[in-house]
Amino acid sequence: QVQLVESGGGLVQTGGSLTLSCAASGRTVSSYAMGWFRQAPGKEREFVAAVNWNGGSTYYADSVKGRFTISRDNAKNTLYLQMNSLKPEDTAVYYCAATSRFGIHTVQNIYNYWGQGTQVTVSS
């Protein structure tokens, strides 16, 4: 019912910036809480950032706080993740997720819908 497609991943040097996008289709996600997660090789998927339905509330993992910014444009049905000051440890597949649950969420199993992921590689 909700399809999410991430884009914008790629190869970037340490200290560089990259912006990820997550385009939603099937239905509007303007009332959905959304988030970004990532999974590095050999590691579990981890929380990165979350935003409530209208973008008025955000929350970040300690590892990315001050460097990453989550935002959304509900008119475009799109979620964004602006990543600055990238580090090699940011290398991972990044996933966007959405849920109809009210609020802002950091727990993976709260999210009903997931994208296919986009690869971010940070070279040192």
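Throughout, numbering of the chain's residues begins at 1 and tracks the sequence.
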hydrophobic_cluster_shared for Ile110 and Val29, side chain cutoff 4.5 Å
no
How many angstroms lie between OG in Ser30 and CG in Asn77, if you round to the nearest 0.5 Å?
7.0 Å
Establish whether Trp36 and Tyr95 are linked, either directly or via other cluster members, by ILVMFWY side-chain heavy-atom contacts under 4.5 Å.
no
Which heavy atom of Leu18 sits nearest a heavy atom of Gly8, and at what distance?
CG-O, 3.5 Å
Measure across Ala23 and Thr78 and return the closest heavy-atom pair with its distance rounded to 0.1 Å.
CA-OG1, 4.2 Å
Measuring from atom CG of Leu20 to atom CD of Glu6, what distance do you get when rounded to the nearest 0.5 angstrom?
8.5 Å
Where does the angle between the aromatic ring planes of Tyr111 and Phe37 fall among parallel (under 30°), tilted (30 to 60°) and perpendicular (over 60°)?
perpendicular
How many angstroms lie between CG in Asn74 and OG1 in Thr28, if you round to the nearest 0.5 Å?
6.5 Å
Is it true that Asn112 and Thr99 share a donor-acceptor pair across their side chains at a distance under 3.5 Å?
yes
Is the shortest heavy-atom distance from the side chain of Val5 to the side chain of Gln116 under 4.5 Å?
yes
Would a single hydrophobic cluster contain both Ile70 and Met34, if residues Ile, Leu, Val, Met, Phe, Trp and Tyr are joined by side-chain heavy-atom contacts under 4.5 Å?
yes
Check this for me: Gln13, atom CD, are more than 12 non-hydrogen atoms of other residues, nucleotides or ligands nearer than 6.0 Å?
no
Can you check side chain to side chain contact (heavy atoms under 4.5 Å, CB included) on Val93 and Arg38, steps first, answer last?
CA-CA 5 Å; Val93 176; Arg38 67 187 182 186; over 6 Å; no
Shortest non-hydrogen separation from Gln119 to Thr121 and the atoms involved
NE2-OG1, 3.3 Å
Is Arg45 close enough and on-axis enough to Trp114, meaning under 6.0 Å and within 45°, for cation-pi?
yes
For the CG atom of Leu79 and the SG atom of Cys96, what is their distance to the nearest 0.5 Å?
6.0 Å
Start with the C-alpha distance between Arg101 and His105, add both sets of side-chain angles, then the distance that settles side chain to side chain contact (heavy atoms under 4.5 Å, CB included), and finish with yes or no.
CA-CA 9 Å; Arg101 293 276 297 274; His105 309 286; 3.7 Å; yes
Interatomic distance, NZ@Lys65 vs OG1@Thr58, rounded to 0.5 Å, equals 9.5 Å
Rounded to the nearest 0.5 Å, what separation is found between the OG atom of Ser21 and the NZ atom of Lys76?
9.5 Å
Please determine whether residues Tyr80 and Phe47 belong to a single hydrophobic cluster, defined as Ile, Leu, Val, Met, Phe, Trp and Tyr linked transitively by side-chain heavy-atom distances below 4.5 Å.
no
For a side chain to side chain contact (heavy atoms under 4.5 Å, CB included) check, start with the C-alpha distance between Gln82 and Ser17, then their side-chain angles and the critical distance, and finish with the verdict.
CA-CA 8 Å; Gln82 175 66 49; Ser17 298; 3.9 Å; yes
Please verify the inter-ring angle class for Tyr94 with Phe68; under 30° counts as parallel, over 60° as perpendicular, anything in between as tilted.
tilted
Non-hydrogen side-chain atoms of Thr118 and Ser7 separated by less than 4.5 Å:
no
Search all heavy atoms of Ala92 against all heavy atoms of Ala40 and return the closest pair with its distance.
CB-N, 3.7 Å
When hydrophobic residues are tied together by side-chain contacts of less than 4.5 Å, even through go-betweens, does Leu81 share a cluster with Trp53?
no
With heavy-atom distances below 4.5 Å as the criterion, would you say the side chains of Val51 and Tyr59 are in contact?
no
Do you know which two heavy atoms are closest between Gly9 and Val120, and how far apart they sit?
CA-CG2, 4.1 Å
Show your reasoning for whether side chain to side chain contact (heavy atoms under 4.5 Å, CB included) applies to Ser123 and Leu11.
CA-CA 7 Å; Ser123 63; Leu11 176 64; 4.2 Å; yes
Ignoring hydrogens, what is the shortest heavy-atom contact between Thr91 and Val122? Give both atom names and the distance.
OG1-N, 2.9 Å
